[in-house]
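Notes to accompany the following structure.
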Amino acid sequence: MALKVCNTLSRQYEEFVPLEEGKVSIYVCGITPYDHSHIGHARPAVFWDVVRRYLYHKGYNVRLVTNFTDIDDKLIRRSKETGIPIAAIAEKYIQEYLECMDKLGVKRADVYPRASEVIPEIIDAVQALIDKGYAYESSGDVYFRAGRFLDYGKLSGRKPEDLMPGARVEVSELKESPLDWALWKRSKPGEPGWPSPWGNGRPGWHIECSVMVHKHLGPQIDMHGGGTELVFPHHENEVAQAEAVSGAEPYVQYWVHTELLNLEGEKMSKSLGNVVYLYELVNNHDPMAVRLYLLSAHRRKVLDFSGELLRSAEKGWERIQTGYRNALEFLANPAAQGLRDASKLAEATSQCRAAFFEAMDNDFSTQGALAAVFDLITAINAHVVPQDQAVPDPHARKRVAEAFGLLVQCLGILGLVPRTAGPALSQEPDLGGKLVDILVDVRNTARQRKDYATADYIRNKLAELGIVLEDTPSGTKVRM
RNA sequence: GGCGACAUGGCCAAGUGGUAAGGCAGGGGUCUGCAAAACCCUUAUCCCCGGUUCGAAUCCGGGUGUCGCCUCCA
């Protein structure tokens, strides 16, 4: 099967062929750590984590680089307001971001370069652009001459002449043209700066990414990601800078953008006060349910966030885990030798396998892949039944192992990790587990006496503590 | 003003020409002391109007609507 990717540059689905066989280089624009990360930041992170896992599954050696913009106007402003050094602010929010990513099951990137670490490389790139006539110095600032780059506008589909009228571009007498952008900014008093051939200054925003890509991945890369709002001007400018410096074209083979995430229909904005912070979300909800929610729509569609949608994902995630446990318990029990219909389970397994990989190959359609997972769960639950309802079958264990193996593989690619806490607390030697076991015993004794008032009381009280009791033909199950 | 995306059942969401995946919610059943979980059954002709085609949610044209970008932003 061939992987197809919808490329922002061509606006078409293209078969994925890496520059170098067996290797994939990916750069994804990261965050500016001047405040708490919000749910929107998690979308590209989770999406690219899945891409990375899938490419790995397909046998590629994947190298992923994501930056932190730790020099920026917002950080400078924040530092002035609070009196806290820029580096300390950045460090705090970078750590918080990484902790949230860990909880969401996002694997760490191979490199997390920071703008402040590549100042020499940035100065070299800016100098190279000046030398080639693509940039000019003006009162201590250095600007990129947009008009000089003939392909300017090819990524975003904009023509330079369209951008002039009505556009709210920054007007500056220092620029030759309103379209030009700053590669290097002279530091004002009190602002951080680094010595350069043009005086004390700091890098403009766009240049850091091109430089980091070049430094960590080379002049040309396979995939570049980020939110759609970055297509113009950020990525457009990046292309111009990178190709002007290196002469290598295309800078990026596949531009893969993720759509934005809205909050109850509106753009998240601090001024509106409708921001959902990631650390709160991840601490108050099962991070895996959050992850499932983030994967519930294709990356190129706007995703809306609401409590209702999160609850929906939480229920769905519980369902997946129930099926997972169901198969696991069967396999853990050597006496289990029967299924409702072993051949149907086998058939369903192979259909789900095909559907899952077809969806993933189709521009990483995680929602389609999830549909296959849910179908697999349904098949497992329908056929892995209590043994008194099962039909003994010599292939039963093999069939369940296949289905479970596929489930583990699919969840692994999607990065969804079921709770590993055993199905029964009795397997855990801690005091709490033992106490619950005693209560379950007491309750079952009461049930035998038909003392349902006592039985329900115990069940309800445990439920209040988040401990769920389920009576099944094979005994009472305990779930946390 | 320019560029672009999207409009599918109560909510969310697939579908890249052949007769509508999946999740949540709802209804009916099975199971259960009752629950829970699970399983089975059940709810759509795809914004509107034209056109192309044997055949379109899927292609083309025109409307209407929602949203995003063009200024910091995942």
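The sequence lines fix the lettering, A, B, ..., with proteins before strands; numbering per chain opens at 1. Keep in mind that this is a model prediction, so the values were computed, not measured.
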**Request:** Taking only the side-chain heavy atoms of W205(A) (C-beta and beyond), determine which of C73(B), A37(B), G23(B) contains the nearest atom.
**Result:** C73(B)

**Complete:** Quick note, Y13(A) side chain, CB onward, closest among G22(B), C34(B), U16(B) is U16(B)

**Request:** Round to a whole Å and report the spacing from CZ of F232(A) to P of C73(B).
**Result:** 13 Å

**Request:** Scan L292(A) against the nucleic acid and name what it touches under 4.0 Å (heavy atoms): base, sugar-phosphate only, or nothing.
**Result:** nothing

**Prompt:** To the side chain of T32(A), which of G33(B), A74(B), A14(B) is closest?
**Reply:** A74(B)

**Asked** Reckon E308(A) touches a base, only the sugar-phosphate, or nothing at all at heavy-atom distances under 4.0 Å?
**Response** sugar-phosphate

**Asked** With sugar-phosphate meaning primed atoms plus P, OP1 and OP2, does R319(A) contact a base, only sugar-phosphate, or nothing at under 4.0 Å between heavy atoms?
**Response** sugar-phosphate

**Item:** Paired nucleotide for A44(B) [Watson-Crick or G-U wobble; both distances under 3.5 Å]
**Value:** none

**Item:** Pair K4(A) + D361(A), salt bridge at N-O below 4.0 Å
**Value:** no

**Request:** Just call it for L469(A): base, sugar-phosphate, or nothing, with non-hydrogen atoms closer than 4.0 Å on any strand.
**Result:** base

**Prompt:** Separation of W255(A) atom CH2 from A74(B) atom P, in whole Å?
**Reply:** 15 Å

**Asked** Which one is paired to C73(B), where only Watson-Crick or G-U wobble pairs with both distances under 3.5 angstrom count?
**Response** none

**Request:** Please tell me which of the listed nucleotides, C24(B), A14(B), A35(B), lies nearest to the side chain of H298(A)?
**Result:** A14(B)

**Prompt:** Reckon Q367(A) has a side-chain N or O less than 4.0 Å from the OP1 or OP2 of A14(B)?
**Reply:** yes

**Message:** Any heavy-atom pair between the side chains of L309(A) and Y293(A) that's under 4.5 Å?
**Reply:** yes

**Message:** Under 4.0 Å between a side-chain nitrogen and a carboxylate oxygen: does that hold for D456(A) and K461(A)?
**Reply:** no

**Message:** Mind checking if G225(A) touches a base, just sugar-phosphate, or nothing, with heavy atoms under 4.0 Å?
**Reply:** nothing

**Message:** Output the rounded distance in Å from CG (D363(A)) to C1' (A5(B)).
**Reply:** 15 Å

**Request:** Indicate, yes or no, whether a donor-acceptor pair under 3.5 Å links the base of C12(B) to the side chain of R311(A).
**Result:** no

**Message:** I want to verify a distance call: between C24(B), C70(B), G15(B), whose nearest atom is closest to the S365(A) side chain?
**Reply:** G15(B)

**Message:** I need the CG-P distance between L309(A) and C12(B), as an integer number of Å.
**Reply:** 7 Å

**Asked** With sugar-phosphate meaning primed atoms plus P, OP1 and OP2, does F374(A) contact a base, only sugar-phosphate, or nothing at under 4.0 Å between heavy atoms?
**Response** sugar-phosphate

**Fill in**
Paired to U30(B) by Watson-Crick or G-U wobble criteria (both distances under 3.5 Å) is A38(B)

**Asked** Should the pair R419(A)-E318(A) be classified as a salt bridge under the 4.0 Å nitrogen-to-oxygen rule?
**Response** yes

**Request:** Looking at every strand, decide which applies to S306(A) at a 4.0 Å heavy-atom threshold: base, sugar-phosphate, or nothing.
**Result:** nothing

**Message:** So if I take every side-chain heavy atom of N362(A) and compare against A14(B), G15(B), A21(B), which nucleotide ends up nearest?
**Reply:** G15(B)

**Separation of atom CG in L345(A) from atom P in C39(B), rounded to whole Å** = 13 Å

**Message:** Quick check for you: among G22(B), C34(B), A38(B), whose closest atom lies nearest to any side-chain atom of D375(A)?
**Reply:** G22(B)

**Prompt:** Nearest-Å distance, CG (L310(A)) to P (A25(B))?
**Reply:** 13 Å

**Request:** Scan T228(A) against the nucleic acid and name what it touches under 4.0 Å (heavy atoms): base, sugar-phosphate only, or nothing.
**Result:** nothing

**Prompt:** Base, sugar-phosphate, or nothing: which does H257(A) touch, judged by heavy atoms less than 4.0 Å apart?
**Reply:** nothing

**Request:** Remember a base hit wins even if backbone is also touched, and classify K450(A) as base, sugar-phosphate or nothing at under 4.0 Å, heavy atoms.
**Result:** nothing

**Asked** Is the closest basic N to carboxylate O distance between D73(A) and R202(A) below 4.0 Å?
**Response** yes

**Prompt:** Using a cut-off of 4.0 Å on non-hydrogen atoms, how would the nucleic acid contact of G226(A) be classed: base, sugar-phosphate, or nothing?
**Reply:** sugar-phosphate

**Donor-acceptor side-chain pairing of Q241(A) and H206(A) below 3.5 angstrom** = no

**Request:** Select base, sugar-phosphate, or nothing to describe what R443(A) touches, counting heavy atoms under 4.0 Å on all strands.
**Result:** base

**Asked** Under 6.0 Å between the ring centres of Y254(A) and F16(A)?
**Response** yes

**Message:** Return the pairing partner of G50(B) with a 3.5 Å limit on both distances, Watson-Crick or G-U wobble; otherwise return none.
**Reply:** C60(B)

**Message:** Over all strands shown, is N381(A) touching base, sugar-phosphate only, or nothing at heavy-atom distances under 4.0 angstrom?
**Reply:** sugar-phosphate

**Closest listed nucleotide, where the reference is the side chain of A371(A) and the choices are U16(B), A74(B), G22(B)** = G22(B)

**Prompt:** CZ of F330(A) versus C1' of C39(B): gap in Å, rounded?
**Reply:** 17 Å

**Nearest-nucleotide pick for V468(A), side chain only, options being A35(B), G33(B), A36(B)** = A36(B)

**Message:** When you measure from the side-chain N and O atoms of K301(A) to the phosphate of C12(B), is any distance below 4.0 Å, counting only OP1 and OP2?
**Reply:** no

**Asked** Does a side-chain N-to-carboxylate-O contact under 4.0 Å join D471(A) and R447(A)?
**Response** yes

**Message:** Output the rounded distance in Å from CZ (R299(A)) to P (A14(B)).
**Reply:** 12 Å

**Message:** Could you identify the nucleotide paired to A21(B), looking across every strand shown and requiring Watson-Crick or G-U wobble geometry with both distances under 3.5 Å?
**Reply:** none

**Request:** Look through every strand shown and name the nucleotide pairing with C67(B) as Watson-Crick or G-U wobble, where both distances are under 3.5 Å.
**Result:** G4(B)

**Request:** Choose from C73(B), G33(B), G23(B) the nucleotide whose nearest atom is closest to any side-chain atom of E229(A).
**Result:** C73(B)

**Request:** Decide yes or no, distance alone: a donor-acceptor N/O pair under 3.5 angstrom between the base of C12(B) and the side-chain of D304(A).
**Result:** no

